[in-house]
Amino acid sequence: MTLHLYDTYTRSLRAFEPLKPPEVGLYTCGPTVYDYAHIGNLRTYIFADVLKRALTLHGYRVKHVMNITDVGHLLSDGDLGEDRMEMAARMRGESAWDLAERYTQAFMADLERLNVVEPTVWARATDHIEEQIDMVKCIEEKGFTYRTDDGIYFDTSKLDDYGYLGRLDLAGLQAGARVRLGEKRNPTDFALWKFSPEGQQRQMEWDSPWGTGFPGWHIECSAMSAKYLGPYFDIHCGGEDHINVHHSNEIAQTQACYGTRLANFWLHAYFLQVDSGRMGKSVGNFIRLQQLIDRGYDPLAYRYLCLGAHYRSHLTFSWDALDGAVTALDRLRETVYGWGTPGEVDESWFDQFVAQVDDDLNMPRALAVVWDLTRSDLSDADKKATVLRYDEVLGLKLGEWRPAEVPAEVLDLVRRRDDARAARQWAEADELRDEIMEAGYEVRDTPDGAVVRKL
RNA sequence: GGCGACGUAGCCAAGUGGUAAGGCAGGGCUCUGCAAAAGCCUUAUUCGUCGGUUCGAGUCCGACCGUCGCCUCCA
């Protein structure tokens, strides 16, 4: 069976073949750590995680690089050199370095809570200033740059197919009302290196052949991916918003320097939406994973919710939808737990699952296979073994779930209720059941006696 | 202004031109002292609207309506 993935570059579903089997180079655009990640951001990383797990399931050895943008992410091309990090630091009265560290740690903690497998390499932009300067030099030597008052820019008009990834209509952009040219020669030109503002000491700045300053936002991904994965690697992924600008610029830089289109496959995750609009910090509608946890939700319920929609379609977030995911995941976990000791993986059922994963990571369909499996004729032991294999891709920790410990006081109430029921003292039994409920537990009567469960 | 996406049951959503996956919620039944939970069954003659192509369209084409995204930082 072959994994098929939708490649944005060619706008087609392609059979995946590693460039250098069995290794797969995977690069994921990570966060700009000037604020907490919201659950919309996290959807993209859950997608990348499923992709990585699917590749691993196919026996590939995945080398996964994720960047941490801790410098250079400009507010806009028209500003005077303040980037997002410095701005946030100023507003919070904290150093840009401390701020970056704090949000980086918070981000990593979020990923762990979502059971996202850690990248092979975490690449901080500020740890790779040399590599970025070298790459800008390379691009300069090839004649793709020009200098303005505030920085070194990439001349996108020197590439024949600039913007191919996003199928950009350059003439249309020129005519567009929203593009400000400033000192740039072309609307799509972008900074490779920005100078520190005149007479101003930035918290984050470095010397370079062109003057003191800091790298542009796009160069880090080209430089760091080349360092760890080479100038042409297997898969580059990120959010859909990166198609037109960030990834187009990454490709331009790498093309200029190395003559490759950076990655063989370009995969893009679509946005999480709220009330049919995007979740965004500027919109003021963003929800952090911590808020879900504070409300009592298991982060993996959010992961389940994400698995219920295809990564190339917008997912509408709602608390009702999350509640549904909670119920579904809980039922699945309890069911899997109830299957006991794993037996043998069933090949046919396993293949059905993989077939959906291979179809451009159709996880909604894959989940449907899971539910079908629960109702199948397979033995419980074999169901368990099979679903645990599924979970290597799903990442829902289905095999780790255990019923919560029940406190002795509650167990005592249950015992007393059992006695009351045996004596057919229904009123007293119901009273005790109410007490058990108040303690946060529910009791259900099975043929084998009463079973208690935390609510 | 340019480019693009989407509109499927109460909700979240799959869907390769061949007769609407799955989950949640709802309804019924079984079980139960009553419940709860669970299990089983059930829930869209229909896929924004109107045309067209076709033996056949949610799927292709066109128009229209609606929603959204990117083009300025954003996963």
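For clarity, every value in this text was computed on a predicted model and none was experimentally measured. Reckoned from all heavy atoms, side chains included, excluding hydrogens, waters and symmetry mates. In what follows, every chain begins at residue 1, and chains take the letters A, B, ... in the order their sequences are listed.
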Legend entry - Parallel, tilted or perpendicular: ring planes of A/H247 versus A/W266, cut at 30 and 60 degrees: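 Ring orientation of A/H247 relative to A/W266: tilted.
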
Complementary nucleotide of [N], counting Watson-Crick and G-U pairs under 3.5 Å:
N     : value
B/C3  : B/G69
B/A25 : none
B/G58 : none
B/U16 : none
B/G33 : none

Taking only the side-chain heavy atoms of [X] (C-beta and beyond), determine which of [options] contains the nearest atom.
X      : options             : result
A/R278 : B/C70, B/G22, B/C68 : B/C70
A/V245 : B/C71, B/A75, B/A25 : B/C71
A/L272 : B/A75, B/A14, B/G33 : B/A75
A/E240 : B/C40, B/G69, B/G15 : B/G69
A/E442 : B/A25, B/A37, B/G23 : B/A37
A/R375 : B/G22, B/A35, B/A14 : B/G22
A/R444 : B/C68, B/A36, B/C12 : B/A36
A/D241 : B/G33, B/C70, B/A21 : B/C70
A/H310 : B/A14, B/A75, B/C34 : B/A14

Regarding [N], can its base be found pairing with the side chain of [X] as donor and acceptor, where the two atoms are less than 3.5 Å apart?
X      : N     : answer
A/R433 : B/A35 : yes
A/D430 : B/G33 : yes
A/D323 : B/A25 : no

Legend entry - Heavy-atom donor-acceptor pair, A/Y302 side chain to A/I39 backbone, under 3.5 Å: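 Yes; at least one donor-acceptor contact below 3.5 Å.
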
Inset, instruction - Give a yes/no on whether any side-chain N or O of A/S313 is located under 4.0 angstrom from OP1 or OP2 of B/A5. - result: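 No.
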
Legend entry - A/W426 ring over B/G33 six-membered base ring, under 5.5 Å and 30°: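 Stacked: ring centres under 5.5 Å, planes under 30°.
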
